[in-house]
Amino acid sequence: MANNIDVTPGTGKTVKTTEVGGFQIQHIVNSTAAGVEVDFTSGTAGSPAGGVASVQGVTGGTPLPVTSLGYDVATVCTSGTTAYVATDVVGGAKDFGALGPSGKTIMITSVQLMINLTAITSGMTSFVLYLFNVTPPSAIADSSPFTLPSGDQASYLGSIALGSPVDLGDTLYCEVNSVNKQVKLSGTNLFGYLVTNGAYTPTAVAYTVTIHTVAV
């Protein structure tokens with residue numbers, strides 16, 4: 001069987017194909033700015049090689065272009081000096097920055113927490129991040145208990161447990177990976193609260209929350 005197939009949309013036209021194992025594989029091309037056609041499927045029969053996926057056994061062509069939109073934003077929550085009890089908010093309501101296309105769905109992949117302290121404060125345990133798609137209407141202040149009132153429910157996106165920070169010398173640090181939490185933005189930004197699960201008396205230092213996302 002020869003390559004290519006004739007079709008008849010009123011007058012004769014030819015579709016570019018390659019025969020592989022008795023099947024005709026249609027070629028997919030993209031015209032570049034210079035007018036050069038890039039063939040995504042042309043190649044030879046066989047298993048995938050060089051990272052180019054097989055199309056019914058055809059390999060060796062240029063891979064299809066894929067654009068992945070990733071976002072990484074670090075935001076500082078500054079604690080006060082009033083003693084915290086369990087579930088108190090650290091630094092008040094925060095805007096965690098632009099983390100996706102406006103109004104679109106994103107996937108949170110990982111979150112990091114870095115605290116500007118040289119030792120773990122007595123009573124400090126773990127932290128949790130509560131997320132919203134707008135600034136939480138409750139506007140809970142630093143050292144006040146986290147709660148989810150009815151006015152916050154429409155914008156609430158759930159929470160992410162960050163774990164307990166470890167002492168890295170001049171810095172306390174913890175992270176959570178493979179979160180894979182899918183949320184829908186209202187605009188481009190995520191908002192929310194950093195909340196402590198332990199009771200301790202803080203010093204006024206930076207708690208830097210870094211959120212990593214991809215658009216889906």
Side-chain angles (χ1 to χ4, degrees), residues 66-79 84-117 120-121 123-140 142-200 202 205-216:
V66 177
T67 301
S68 178
L69 296 176
Y71 300 80
D72 307 271
V73 179
T75 303
V76 173
C77 304
T78 303
S79 65
Y84 291 141
V85 298
T87 75
D88 269 1
V89 170
V90 178
K94 300 302 294 185
D95 180 347
F96 292 111
L99 286 159
S102 181
K104 301 300 183 180
T105 299
I106 61 170
M107 185 82 76
I108 300 170
T109 57
S110 63
V111 181
Q112 300 158 334
L113 173 62
M114 184 177 294
I115 304 174
N116 190 25
L117 288 172
I120 296 175
T121 305
M124 179 186 288
T125 57
S126 59
F127 293 85
V128 61
L129 197 63
Y130 291 91
L131 296 172
F132 297 79
N133 60 19
V134 298
T135 301
S138 55
I140 301 171
D142 178 69
S143 300
S144 297
F146 172 78
T147 183
L148 186 66
S150 58
D152 285 5
Q153 291 173 2
S155 56
Y156 183 54
L157 299 175
S159 63
I160 299 173
L162 303 182
S164 301
V166 296
D167 187 350
L168 298 180
D170 290 336
T171 305
L172 306 185
Y173 181 83
C174 61
E175 66 180 26
V176 56
N177 297 307
S178 301
V179 177
N180 297 334
K181 179 178 178 61
Q182 185 171 312
V183 297
K184 191 174 189 300
L185 300 175
S186 176
T188 60
N189 292 24
L190 279 177
F191 307 82
Y193 299 107
L194 176 66
V195 172
T196 174
N197 288 323
Y200 66 98
V205 298
Y207 292 63
T208 303
V209 176
T210 302
I211 302 176
H212 305 267
T213 69
V214 292
V216 296

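- Taking the side chain as every heavy atom from C-beta outward, Glu175 and Ser110 never approach each other to under 4.5 Å.
- When Asp167, Asp170, Thr171, Leu172 are each tested for a side chain to side chain contact (heavy atoms under 4.5 Å, CB included) with Leu117, only one passes: Leu172.
- Closest heavy-atom contact between Thr75 and Lys94: CG2-CE, 4.1 Å.
- In this structure, the side chains of Ser144 and Val89 stay at 4.5 Å or more apart for every pair of heavy atoms.
- At least one donor-acceptor pair under 3.5 Å links the side chain of Thr213 to the backbone N or O of Leu99.
- Closest of all the heavy-atom pairs between Val209 and Cys77 is CG2-SG, 4.4 Å.
- Among Phe191, Tyr156, Phe96, the single residue meeting the ring-ring contact (aromatic ring centres under 6.0 Å, His included) criterion with Phe132 is Tyr156.
- Side-chain N or O atoms of Asp88 include one that pairs as donor or acceptor with a backbone N or O of Val85 at under 3.5 Å.
- Here the CG atom belonging to Leu190 is positioned 8.5 Å from the CG atom belonging to Leu129, to the nearest 0.5 angstrom.
- Under the 3.5 Å distance criterion, with hydrogens and angles disregarded, no donor-acceptor pair is assigned to the side chains of Tyr71 and Thr188.
- The two residues Pro137 and Gly151 come nearest to each other via the heavy atoms CG-O, 3.5 Å.
- Taken from CD1 in Ile211 to CD1 in Ile106, the straight-line distance is 8.0 Å, to the nearest 0.5 Å.
- Side chain of Tyr84 to main chain of Asp142: no donor-acceptor pair is present (N/O by atom type, distance under 3.5 Å, no hydrogens or angles).
- Residues Leu131 and Val183 form no side-chain contact, since every pair of their non-hydrogen atoms from C-beta on lies 4.5 Å or further apart.
- Between Phe146 and Ile140, the shortest heavy-atom contact is CA-CD1, 4.0 Å.
- Here CE of Met107 is found 11.0 Å from NZ of Lys181. Values are rounded to the nearest 0.5 Å.
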Original post:
Passes side-chain contact (heavy atoms from CB on, under 4.5 Å), Tyr130 versus Val128? Steps please.
Top reply: CA-CA 7 Å; Tyr130 291 91; Val128 61; 3.2 Å; yes
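- Taking both residues in full, the closest heavy atoms of Val214 and Thr109 are given as CG2-CG2, 4.1 Å, listed atom of the first, atom of the second, then distance.
- The closest donor-acceptor contact from the side chain of Thr105 to the backbone of Val216 lies at 3.5 Å or more, if one exists at all.
- Between Asn133 and Leu185, every side-chain heavy-atom pair lies at or beyond the 4.5 Å cut-off.
- Closest approach of Gly97 to Val73, counting heavy atoms only: CA-CG1, 4.0 Å.
- Atom OG1 of residue Thr121 and atom OH of residue Tyr200 lie 6.5 Å apart, to the nearest 0.5 angstrom.
- Here the CG-OH distance, from Leu162 to Tyr207, works out to 13.0 Å after rounding to the nearest 0.5 Å.
- Side-chain atoms of Asn197 and Ser126 form a donor-acceptor pair, as typed in the model, at a separation below 3.5 Å.
- Ser79 has its side chain within reach of Val205: a pair of non-hydrogen atoms, C-beta onward, lies under 4.5 Å apart.
- With rounding to the nearest 0.5 Å, the separation of OG1 in Thr135 from CG in Asp95 is 6.0 Å.
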